[in-house]
Amino acid sequence: ASESGDHDLVIIGGGVAGYVAAIKAGQEGLKTACIEKRGTLGGTCLNVGCIPSKSLLNNSHLYHQILHDTKKRGIEVGDVKLNLTQMMKAKDTSVEGLTKGVEFLLKKNGVDYVKGAGSFVDANTVKVALNDGGEKTLRAKNIIIATGSEATGFPGLNIDEKRIITSTGALALTEVPKKMVVIGGGIIGLEMASVWSRLGAEVTVVEFLGQIGGPGMDAEIAKQAQKILGKQGIKFKTNTKVVSGDDSGSTIALNIEAAKGGKEEVLDADVVLVAIGRRPYTEGLNLEQVGIEKDDRGRLVIDQEYRTKLPHVRVIGDCTFGPMLAHKAEEEAVAAIEYIKTGYGHVNYACIPSVMYTHPEVAWVGQNEAEIKASGVKYRVGTFPFSANSRAKTNLDTEGVVKFIADAETDRILGVHIIGPGAGEMIAEATLAIEYGASSEDIARTCHAHPTLSEAFKEAAMATYSKPIHF
Ligand code: NAD
């Protein structure tokens, strides 16, 4: 084993949490090493998550639109064909460009990128089993664990990423399945259901709860989303649980029943996507050796400053508390480095946006109506439909609504929930507003360019404390 000298910081994991921490640490002048075993940087998000899924979502949407939504726009198209191999290639090209870009940024900021699997030897020593063979030992004043998460499996179904797949397999199918069943109507389930249904699969989503969208989505918005996605051809079975599955036959048989118990039914599928959540991934770190604790859900236990029981070992991203979102991990990465460098750091967990990249998109920030109701705070709701927005009308893309919820006494914005075209970009304005403690009137009295979709946002704010103009 070669000794590679001391580092101010060793980061285990080169996903969004780890690589952002590495760049920030390099900028701050810390001698930093980042250990990653995948062979490419960027973790789940860049390699098998956010980025490849957005490529497929964008291009499958274009395909679907060209097939079904051109005539009324005055565009006559001839033969439209899917070239799935090329669509996958386009995705791979985007991913490759971005992972290489991250590698360049690490180099530019003087970070040692160590390709291999890291594990603790003692509190200040990390051993790396190098991908190319051999071993390297790193000594560190500070250590950050950023090893991310993995898809939760389903008992009885063997994930082979071909017939029984997680999101990883759903981004790499080599042909369009005839029948696809998605277990779990959360964000992963709905984004992948959209991709494959647009490309021609018959897709059924089975969701345990009465509402789709996963935790956090406002009930009213989730209802609209289900209606719109249903019109696009996705079938839903809500209040339904998958009890067991059998993948030994030529098709996969899933036994489903009402969530509260009741009659059983069998669903057949050529491909089953398991999308029932993700869990922290911390295997092989030898954490027991140094006494770092996990909670009952496998999350590494930390304090407000991301410190484990060992104050110089911090944890950020999916393998600890909070929503499993890339942008949350990025915020933590910057804050963790600031704690190391200056003793101060901050992330506002009450103001982290969520986006579902279906069409239309769904996006929200702050609390949903059920949460606000449960908190006992008196509130007002203001909504504005995209069908009354001039730009949405010219785009022939009018489904959806903007919904504001503000404190009835102070008018301070408590939550914003959007379903509509471009919701994922629009939510940034709501996030900034909540971060600045804005009232709905603050937004309503801010000039918004005409004609833009953002005017729907402004008018929903107007509807919250007064009346909208165009509805
Ligand atoms: P999720 O927790 O968001 O949703 C899983 C859904 O599966 C839930 O609605 C749950 O009720 C349902 N479910 C669980 N067991 C079931 C069963 N036996 N039968 C039927 N339904 C069942 O999980 P996910 O969609 O897998 O996403 C995992 C994580 O990745 C989440 O934290 C998500 O926010 C994140 N993610 C985010 C994005 C994005 O922001 N665009 C995209 C992908 C993933």
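Every number for a ligand or one of its atoms is a count from 1 in the order of the listing.
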Please give the N or O to N or O pairs under 3.5 Å between ligand 1 and the protein, distances rounded to 0.1 Å.
residue	atom	partner	partner atom	Å
ligand 1	9 (O)	Glu207	OE1	2.7
ligand 1	9 (O)	Glu207	OE2	3.0
ligand 1	11 (O)	Glu207	OE2	2.6
ligand 1	19 (N)	Val242	N	3.3
ligand 1	21 (N)	Phe208	N	3.1
ligand 1	23 (O)	Gly277	N	3.4
ligand 1	25 (O)	Ile187	N	3.3
ligand 1	25 (O)	Ile188	N	3.1
ligand 1	26 (O)	Gly277	N	3.0
ligand 1	40 (O)	Val355	O	3.3
ligand 1	41 (N)	Glu191	OE2	3.2
ligand 1	41 (N)	Val355	O	2.8

Problem - Where Leu267 and Val206 come nearest, the two heavy atoms and their spacing - result: CD1-CG2, 3.7 Å

Handout entry: Heavy-atom closest contact (Val48 atom, Ser167 atom, distance)
Key = O-OG, 4.4 Å

Exercise for the section: Taking all heavy atoms of Ile187 and all of Gly213, pick out the closest pair and write down the distance. Expected result: CG1-O, 3.9 Å

Exercise for the section: Would you please name every residue forming a side-chain contact (heavy atoms from CB on, under 4.5 Å) with Leu310, sequence neighbours left out? Expected result: Ala123, Val290, Ile292, Thr308, His312, Val313

Practice task
Measure up the Phe457 and His448 rings against each other and bin them: parallel (under 30°), tilted (30 to 60°), perpendicular (over 60°).
Solution key: tilted

Fill in the blank from the handout: When every non-hydrogen atom of Val203 is compared with those of Trp196, the smallest separation belongs to CG2-C, 4.2 Å

